[in-house]
Structure formats: structure tokens, C-alpha cells
**Student:** 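Let me begin by handing over the structure; questions about it come next.
Heavy atoms only: backbone and side chains are in, while hydrogens, waters and symmetry mates are out.
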Amino acid sequence: MQHKSSSPIGWWLSPSDDDYLSATQDDLTSALLRLTSPLFAVQNHDGSLALTASGQGMLSYPSPPIAKGLPLLGFVPALPPESLGDSAFRSKYSLQLAYVSGSMANGIASEDLVAAMAQNGMLGFFGSAGLALDRVEGVMHRLRERLGTRPYGFNLIHSPHDPALEAALVELFLKGKIRLLEASAFMSLTLPLLRFRYAGISLRSDGTVYTPNSIMAKVSRLELAQKFLMPAPDNMLRALVESGDLTTDQAALAAKVPVCSELTAEADSGGHTDNRPAVSMWPSMLELRDSIAAKYGYSVPVGAAGGISTPVSAAAAFAMGAAYVMTGSVNQACSESGTCEQVREVLAKAGPADCTMAPAADMFEMGVNVQVLKWGTMFPVKARKLYGWYRQYSSFQEMPKEVIAQIERDYLRCSIDECWSSTREFFAKRDPRQIAKAEQDPKHLMALVFRSYLGQASRWANSGDPTRRSDYQIWCGPAMGAFNEWVKGSFLENPLERHAANIALNIMTGAAVASRADMLRKQGIALPAVVTRFAPRKPQELEEIRHP
């Protein structure tokens with residue numbers, strides 16, 4: 001490869017008498033992959049560019065000719081994937097890699113997925129949202145047995161229509177000594193959330209504040225990020241004192257500690273999302289973090305989520321200052337996820353534009369949407385129709401007979417009375433207040449029936465119910481399509497080959513390669529795309545790259 005470069009930055013000295021370096025495409029690729037060694041970009045006598053991890057580089061400004069050696073055009077340090085992200089974050093959770101798998105609800109982020117992350121030096125969150133307390137408790141016990149002291153966490157999703165469930169989950173997590181939660185979809189701070197964060201807060205002998213529990217808050221709006229990055233409001237701390245959850249001294253300590261221990265800036269993602277563009281959101285979150293740090297004297301690590309599914313997207317996030325990257329959609333397509341084989345097959349065919357927004361089951365009345373796959377299912381169209389009818393009518397009694405017939409035939413597959421009977425039975429155990437409200441307000445009854453369909457649609461997808469395939473609700477962001485484009489033609493194109501840990505290691509190893517290529521590019525050294533593109537590798541190949 002001939003190289004047109006600016007002036008050399010110094011000289012490279014060969015460790016042997018022969019100072020000519022091979023400059024084939026394979027040689028360039030091999031050298032870039034030597035992530036654990038520094039890399040010299042050298043100009044051969046014939047003007048070709050070579051990369052080498054051997055020899056000695058001598059920087060000189062200006063660079064006079066020396067008796068022996070080749071012009072040094074650039075230099076990049078060793079950059080194994082273990083070096084990406086925030087070292088303090090990795091150290092806190094005893095992680096090898098600054099890589100986190102997010103908590104997809106209804107157990108899609110499954111026990112096996114969490115275990116796979118922990119067993120490979122990464123962090124995973126169990127998708128406890130939408131599950132019964134006894135199932136969450138069972139997973140807690142099994143993960144403790146499987147993982148011991150390895151790091152993992154559980155999800156706590158905001159439940160504005162069921163605050164008792166949120167409180168019960170926090171009680172369960174505290175009793176089970178769960179130390180890390182991912183807080184998602186929160187629109188405001190809640191007392192159960194703060195109770196978990198500040199439980200056991202104390203003052204160390206060295207004068208620092210000790211908080212045994214951590215919260216990784218996933219947000220996409222600056223106003224919400226500000227609430228998590230600052231200490232809890234005084235009135236909420238007083239409420240925790242009045243309820244007996246904190247002492248007066250503990251509340252005073254809590255007033256010095258941010259609500260979140262880490263903040264995940266979530267861009268365009270699957271499920272609950274504001275479809276925010278990452279390149280404008282992440283810098284704003286970092287600016288906010290830094291301004292609060294200047295005021296309070298602490299700094300919270302900020303990670304990046306949404307759109308992370310390839311080496312280049314991960315490298316871009318780290319280049320923008322992300323302490324860690326979090327993946328979601330791509331994990332759902334892995335064998336460890338809590339969804340069914342049919343859904344994995346559909347996800348493996350998704351393109352970057354095959355996503356759309358549809359009404360959310362948990363915040364239906366508020367008009368909140370979630371991002372789902374639009375290819376291979378009729379759910380998005382049908383869900384939007386339900387919300388339209390909800391907005392148009394005040395009760396089922398107001399609806400035309402043909403609309404009622406369509407709802408019963410194409411959605412519920414039973415009469416509205418039968419659906420309400422089963423929905424009523426569900427809420428009798430979960431939240432009886434909803435029944436009382438529905439019996440007084442026919443529009444609320446209609447909302448609960450519609451939410452029944454929306455909520456079951458994700459469970460039909462997870463279980464692979466063949467009779468409901470056209471109703472599958474598959475949470476998915478454009479990252480899934482980007483991943484499929486990246487792995488096209490490789491072994492990972494086959495959904496049966498997709499294992500969460502191997503995908504994570506490929507993304508992080510490829511991110512290190514992309515980062516080193518970018519360092520060279522910034523020094524005026526543009527390598528061919530075929531050299532810098534990191535193709536997916538199998539576990540043994542990755543091991544040889546990471547630990548040569």
C-alpha cells in the first residue's frame with residue numbers, strides 16, 4: 001500500500017539488520033489485531049505503509065534523517081478491549097469489560113443471559129418487569145447459587161399505575177440482599193426507589209459516605225437525568241424518615257449522595273424509548289453530569305445505550321466518553337434470551353428500518369409508546385387501532401357493533417365480558433383498586449381490557465404461541481438491523497450460533513480495533529476499509545486475539 005503522508009514524526013529502528021517491513025493487506029490486518037502491543041506506522045524505502053509491533057520508535061521534532069531506520073508516520077498504544085470505558089466502573093463491579101446487557105422485560109433478559117454475562121467478566125440485569133414476585137424471587141435464589149459473588153443486577157421499572165408492585169419489588173430485593181438495580185422508564189423519583197438506594201447508608205471511619213446499594217438509572221431526558229444525578233429532594237427524604245425507612249442521621253447523609261450510582265443515557269432503543277439520536281444526547285448528558293459534579297463534588301459514570309450492536313457503534317460511544325456500553329435488542333436474538341426460537345429467527349432477518357412505535361401496555365392511558373419490530377407481525381397496526389378506539393369512545397357501550405365484533409374476533413378471541421372476567425381475576429390478586437375504579441369508570445374498564453391484549457402480546461411472543469403469531473409484540477430497536485448487516489456472511493448470520501457472551505466479546509474486541517484505526521486516521525494514516533473492518537470471530541479466535 002503506497003502512502004501519501006505528511007512529515008514523519010520520528011524514526012523507527014528495526015530490531016534486526018533488515019529494516020524492510022512487509023506491507024501486504026494481511027500484514028496490515030494482522031498488525032492492527034495485535035491489541036496488546038503498541039503499534040508503529042512506518043514508511044518503507046519504496047514508500048509503502050507498514051504496521052509493526054516490533055522495533056523501537058524515536059520521536060523527533062523536527063525529524064532529521066538518521067543513519068539507520070525508517071520514517072515513523074504514526075503510533076498507537078496497546079488497546080485491549082479490557083481498557084475501553086471507565087476503569088473505576090470496571091473496578092467497582094470487578095468487571096473485565098465495560099459491557100452491560102440491559103433488562104428486557106418479562107424475563108427476555110433471562111437468568112441464563114445474566115449468568116453468561118457474569119461468567120465472562122461482564123454485567124447483566126435480569127428483566128424482572130412484568131413478572132410475578134414469586135418468579136423474581138426464584139431467579140434471585142438461583143442466580144445467587146450459580147454466580148456467588150460475581151456481579152449482576154435486577155430491573156426495577158417505574159409502575160405509575162401499580163405503585164404497590166414497585167414497593168413490593170423493592171421489599172423483595174432488600175430482603176434478598178440484591179445490591180444493584182437498573183431503574184428504567186421512570187418519569188419521576190419514587191419513595192420505593194429511594195428506599196432501596198439509601199438503605200444501610202452509613203458514615204465510614206475515614207469520613208466518606210458508604211451506600212451498599214447501587215442504582216443504574218436508564219434515562220433519555222435531561223430533566224430526568226438531573227433528578228437522578230442530584231441527591232434526593234428533602235421532602236422525599238423526610239418522608240422516608242417518617243416511614244421509618246431512614247433515620248435522621250441517614251437522611252442527612254443521603255442528602256450528599258446522588259440518587260443513581262451510574263447513569264445510562266439511552267438513545268433510540270427497543271421498548272420504552274424517546275427515539276433520541278445518540279450523537280446529540282450523549283454529549284448533553286455528559287455536560288449535565290459535569291455541571292452537577294462541579295456543584296456537589298462527586299462524579300457519576302455515564303454509560304451509553306441504544307443503537308449499540310456493532311464494533312463501530314461501541315467504539316463511537318467510548319470515543320464520546322461513555323463509561324460503559326449497554327446492549328438490548330441484540331441480546332434478544334441470542335440463545336440465552338427468554339424469548340422463543342421463532343422470534344429469534346424473525347429478529348435475525350430484521351433490517352435497520354424494520355422498527356416502529358406502538359402503544360405500551362403499562363402506560364397505555366398516558367399515550368406512551370414502545371419501539372417494536374414491524375416485520376413479521378401485525379401487532380403494531382392492531383395496537384394503534386386499539387389506542388385510537390380508546391381515544392374515540394368513553395365505553396364499550398358507545399362503540400358500534402362492528403367495532404365490538406372486530407375487537408372480539410381479531411384481538412380478544414372471546415367476548416368482551418369473558419375478557420373482563422379474566423382481567424378482573426388478574427387484578428383481584430395484583431391490584432384490587434383497579435377493579436373498583438373500572439366498575440365506577442367504564443373508560444378505565446375499556447383500558448384494562450385493551451391492556452390485557454397488549455400485555456399478553458409480548459408473552460405470546462416469548463412462549464412462541466403458534467396460534468398468536470400475528471400478534472407477537474417484539475421489542476426491538478434499529479440496533480438489531482445494524483447487527484444483522486454487520487454479521488451478514490459470517491457464522492453469526494445463523495440465529496442458532498448467536499450466544500450473548502461471544503457477541504459481546506466480538507463487539508468489544510472489534511471496538512478496540514476500530515479505536516486504534518481511528519487513532520491512526522487522526523494522524524493522517526488512512527488504512528483500507530478491508531483492513532479496519534472487524535469480522536465476527538469464534539470464541540477460540542477471539543481468545544487468541546485477546547490473550548496472544
**Student:** Go through the steps for Ser458 and Tyr472 under the test side-chain hydrogen bond (donor to acceptor under 3.5 Å, both in side chains), then give the verdict.
**Tutor:** CA-CA 6 Å; Ser458 62; Tyr472 285 0; over 6 Å; no
**Student:** Counting only heavy atoms not in Gln119, do more than 12 sit closer than 6.0 Å to its CD atom?
**Tutor:** yes
**Student:** Using the test side chain to side chain contact (heavy atoms under 4.5 Å, CB included), find all partners of Gln250 that sit at least two apart in sequence or belong to another chain.
**Tutor:** Ile201, Leu246, Thr247
**Student:** Take Arg413 and Glu408, measure what salt bridge (Lys or Arg N to Asp or Glu O under 4.0 Å) needs, and give me the verdict at the end.
**Tutor:** CA-CA 5 Å; Arg413 297 190 183 178; Glu408 293 179 337; over 6 Å; no
**Student:** Taking the ring of Phe450 and the ring of Phe396, is the distance between their centroids below 6.0 Å?
**Tutor:** yes
**Student:** With a 4.0 Å cut-off, would you call Asp431 and Lys437 a salt bridge?
**Tutor:** no
**Student:** Using the side-chain hydrogen bond (donor to acceptor under 3.5 Å, both in side chains) definition, which of the options Arg424, His444, Gln434 pairs with Glu439?
**Tutor:** Arg424
**Student:** Tell me whether the count of non-hydrogen atoms from other residues, nucleotides or ligands lying under 6.0 Å of CZ in Arg179 goes above 12.
**Tutor:** yes
**Student:** Salt bridge or not between Asp245 and Arg195? Use side-chain N to carboxylate O under 4.0 Å.
**Tutor:** yes
**Student:** side-chain hydrogen bond (donor to acceptor under 3.5 Å, both in side chains) between Glu418 and Ser421: does it pass, once the steps are laid out?
**Tutor:** CA-CA 5 Å; Glu418 288 172 323; Ser421 177; over 6 Å; no
**Student:** Hey, do the aromatic rings of Phe364 and Tyr390 have their centres closer than 6.0 Å?
**Tutor:** yes
**Student:** For the pair Ser269 and Lys218, evaluate side-chain hydrogen bond (donor to acceptor under 3.5 Å, both in side chains) and give the outcome as yes or no after the intermediate values.
**Tutor:** CA-CA 11 Å; Ser269 65; Lys218 188 158 56 180; over 6 Å; no
**Student:** Any non-hydrogen side-chain atom of Asp471 less than 4.5 Å from a side-chain atom of Thr377?
**Tutor:** no
**Student:** Side chains of Asp206 and Thr208: is there a donor and an acceptor less than 3.5 Å apart?
**Tutor:** yes
**Student:** Search all heavy atoms of Arg468 against all heavy atoms of Asp410 and return the closest pair with its distance.
**Tutor:** NH1-O, 4.5 Å
**Student:** Closest heavy-atom contact between Pro432 and Ala428?
**Tutor:** CG-O, 3.5 Å
**Student:** Give me the atom names and distance for the closest heavy-atom approach of Arg276 to Arg221.
**Tutor:** NH1-CA, 4.1 Å
**Student:** To the nearest 0.5 Å, what is the distance between CZ (Arg144) and CD1 (Ile178)?
**Tutor:** 5.5 Å
**Student:** With the threshold set at 4.0 Å, does a side-chain nitrogen-carboxylate oxygen contact exist between Glu171 and Lys175?
**Tutor:** yes
**Student:** Write down the atom of Ser103, the atom of Ala109, and the distance for their closest heavy-atom approach.
**Tutor:** CA-CB, 3.7 Å
**Student:** What is the ring orientation for Tyr411 with Trp389, classed by angle as parallel under 30°, tilted 30 to 60°, or perpendicular over 60°?
**Tutor:** perpendicular
**Student:** Run the numbers on Asn155 and Ser184 for side-chain hydrogen bond (donor to acceptor under 3.5 Å, both in side chains), then give the verdict.
**Tutor:** CA-CA 7 Å; Asn155 175 241; Ser184 61; 2.9 Å; yes
**Student:** More than 12 heavy atoms of other residues, nucleotides or ligands under 6.0 Å from CD of Glu425: yes or no?
**Tutor:** no
**Student:** Does the separation of the ring centres of Phe154 and Phe173 fall below 6.0 angstrom?
**Tutor:** yes
**Student:** Should we say atom CD of Glu223 is surrounded by more than 12 heavy atoms from elsewhere, each under 6.0 Å from it?
**Tutor:** yes
**Student:** If every non-hydrogen atom of Ala225 is compared with every non-hydrogen atom of Leu288, which pair is closest and at what distance?
**Tutor:** CB-CD2, 3.8 Å
**Student:** Any donor-acceptor pair under 3.5 Å linking the side-chain atoms of Tyr453 with those of Gln473?
**Tutor:** no
**Student:** Report, as yes or no, whether the 6.0 Å neighbourhood of atom NZ on Lys443 holds more than 12 heavy atoms from other residues, nucleotides or ligands.
**Tutor:** yes
**Student:** Please check if atom NZ in Lys92 has more than 12 non-hydrogen atoms from other residues, nucleotides or ligands closer than 6.0 Å.
**Tutor:** yes
**Student:** Count the heavy atoms belonging to other residues, nucleotides or ligands that lie under 6.0 Å from CZ of Arg391, then report whether that count exceeds 12.
**Tutor:** no
**Student:** For His272 and Glu266, work out which heavy atoms get closest and say how close.
**Tutor:** O-OE2, 3.6 Å
